[in-house]
Amino acid sequence: STLSSSSAASDVYKRQILSGERAVLFDGEVTGGKKPYSYRWSSSLDGTLSTEKSFAKPPSEMSKGRYTIILTVTDGAGASGQASITVTVL
């Protein structure tokens, strides 16, 4: 079976420009594959951000600049899929 994943920041941040103290929810969606799934959210600046399906973090606690946050999902059979979102943190 095929494993696919997608990621998104909460609707408030459709333009992916993040700033301030209000937490942004990052949420992953997985289809296919074999449960259980393991999750890893990461960025090139901060390494691993979370190993949960979703996590919330205020921009004030994130590295400043424009970069990509990657969600990697691995299923119970060892297949993996990736999704990403590019954000600009002010």
Side-chain angles (χ1 to χ4, degrees):
S1 64
T2 303
L3 177 70
S4 64
S5 58
S6 62
S7 63
S10 54
D11 290 342
V12 155
Y13 298 101
K14 284 277 188 219
R15 292 168 30 222
Q16 287 91 30
I17 298 173
L18 314 179
S19 65
E21 300 293 326
R22 185 173 174 189
V24 179
L25 175 66
F26 293 89
D27 187 40
E29 190 64 42
V30 181
T31 56
K34 181 177 180 174
K35 293 180 182 179
Y37 303 121
S38 65
Y39 301 86
R40 180 177 181 261
W41 292 88
S42 61
S43 79
S44 56
L45 296 179
D46 297 311
T48 299
L49 300 169
S50 176
T51 56
E52 301 297 322
K53 181 181 181 294
S54 63
F55 74 101
K57 194 170 189 93
S60 59
E61 294 178 13
M62 298 170 69
S63 294
K64 307 295 183 245
R66 181 177 169 84
Y67 53 96
T68 302
I69 295 176
I70 299 167
L71 169 62
T72 303
V73 180
T74 305
D75 75 359
S80 65
Q82 277 192 340
S84 63
I85 184 169
T86 300
V87 296
T88 300
V89 180
L90 304 178

Hits for side chain to side chain donor-acceptor pair (under 3.5 Å) against Lys53, two or more places apart or cross-chain, chain-then-number order -> Asp27
Sequence neighbours left out, what passes ring pair (Phe, Tyr, Trp, His ring centres under 6.0 Å) with Tyr67? Give chain and number order. none
Would you say that Val24 contacts Pro59 through its side chain, given a criterion of any heavy-atom pair below 4.5 Å between the two side chains? yes
Side chain to side chain donor-acceptor pair (under 3.5 Å) partners for Thr51, two or more places apart: none
Closest heavy-atom pair, Gly33 versus Asp75, reported as atoms and distance to 0.1 Å, is CA-OD2, 3.2 Å
Using side chain to side chain donor-acceptor pair (under 3.5 Å) as the criterion, list what pairs up with Ser42, not counting sequence neighbours. Arg40
NZ on Lys64 to CG on Leu18, rounded to 0.5 Å: 10.0 Å
Give me the ring orientation class for Trp41 and Phe55: parallel if the planes are under 30° apart, tilted from 30 to 60°, perpendicular past 60°. perpendicular
Using a 4.5 Å cut-off on heavy atoms from C-beta on, say whether the side chain of Asp46 contacts that of Lys57. no
One should read off an interatomic distance between Leu45 CG and Met62 CE, to the nearest 0.5 angstrom, of 9.5 Å
By side chain to side chain donor-acceptor pair (under 3.5 Å), which residues pair with Glu21, not counting sequence neighbours? Ser60
Considering residues at least two apart in sequence or located in another chain, which fulfil the side chain to side chain contact (heavy atoms under 4.5 Å, CB included) criterion with Thr68? Ile70, Ser84, Thr86
Heavy atoms, side chains only, cut-off 4.5 Å: are Leu71 and Phe26 in contact? no
